[in-house]
Asks: 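Let me give you the structure first, and then I'll get to my questions.
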Amino acid sequence: RYDDPNLRQTFTTTFQKVVETRQEIVHQNEVHQTKGSIWVEVKYTPVFSKNGHLIGVSFNSTDITSEKIAEKKLQEEEEKYRLLFENSAE
């Protein structure tokens, strides 16, 4: 269940910004659920009529949890090897 007030506020603010700027916006958010957290990437895309009038905003969300986990592991490994290198230089 996605009942996070902060996420709702982000959605509302981003929707308004897309309407104002007429530009696509992409956000990555951690979503807290009863069974734990997942990471999602949400793409807000303005939709225009043939005449160029803004007629809506399309939303597409993708689960990027596995990418975030891999990114965190890579950062931890980089830090480990950086510390090893720095300490071996002494």
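The basis for the numbers below is simple: all heavy atoms, side chains too, and nothing from hydrogens, waters or symmetry mates. All values reported here derive from a predicted model rather than from experimental measurement. Count residues from 1 along the sequence.
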Asks: Can you tell me how far CG of L83 sits from CD of E78, rounded to the nearest 0.5 angstrom?
Replies: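 Going from CD on E78 over to CG on L83, the span is 12.0 Å.
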Asks: Main chain of N51, side chain of S49: is a donor-acceptor contact present, judged purely on distance under 3.5 Å?
Replies: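 Yes; judged by distance alone, with no hydrogens or angles, the pair exists.
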Asks: Roughly how far, to the nearest 0.5 Å, is the CZ atom of F15 from the CD atom of E20?
Replies: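 It is 10.5 Å, given to the nearest 0.5 Å.
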Asks: Do we see a donor-acceptor contact under 3.5 Å between the side chains of T10 and H27?
Replies: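 No, no side-chain donor-acceptor pair sits under 3.5 Å.
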Asks: Roughly how far, to the nearest 0.5 Å, is the CZ atom of R8 from the OG1 atom of T13?
Replies: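 T13 OG1 to R8 CZ: 12.5 Å, rounded to 0.5 Å.
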Asks: Is a donor on one side and an acceptor on the other found under 3.5 Å between the side chain of T65 and the backbone of W39?
Replies: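 Flag set: sc T65 to bb W39 pair under 3.5 Å.
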Asks: Below 30° counts as parallel, above 60° as perpendicular, anything between as tilted: where do the rings of F11 and Y44 land?
Replies: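 It falls in the tilted class, 30° to 60°.
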Asks: Q75 and side-chain contact (heavy atoms from CB on, under 4.5 Å): which single residue from E71, E79, K73 fits?
Replies: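 Of the listed options, the one satisfying the test is E71.
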Asks: So how far is it from E67 CD to E41 CD, rounded to the nearest 0.5 Å?
Replies: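 Taking CD in E67 and CD in E41, the distance rounds to 8.5 Å.
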Asks: Of all heavy-atom pairs between V57 and V19, which one has the smallest distance, and what is that distance?
Replies: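 Closest pair (atom of V57, atom of V19, distance): CG2-CG2, 4.1 Å.
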Asks: Give the cluster check for I64 versus V26: same hydrophobic cluster or not, with ILVMFWY residues linked at side-chain heavy-atom distances below 4.5 Å.
Replies: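 Different clusters.
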Asks: Please give me the minimum heavy-atom distance between E30 and S37, naming the atom from each residue.
Replies: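 Closest heavy-atom pair between E30 and S37: OE2-CB, 3.4 Å.
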Asks: Among all residues two or more places apart in sequence or in another chain, which pass the side chain to side chain donor-acceptor pair (under 3.5 Å) test with E77?
Replies: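 Side chain to side chain donor-acceptor pair (under 3.5 Å) list for E77, sorted by chain: empty.
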Asks: State the CG-CD1 distance between L74 and I69, to the nearest 0.5 angstrom.
Replies: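 Atom-to-atom, L74:CG and I69:CD1 are 14.0 Å apart.
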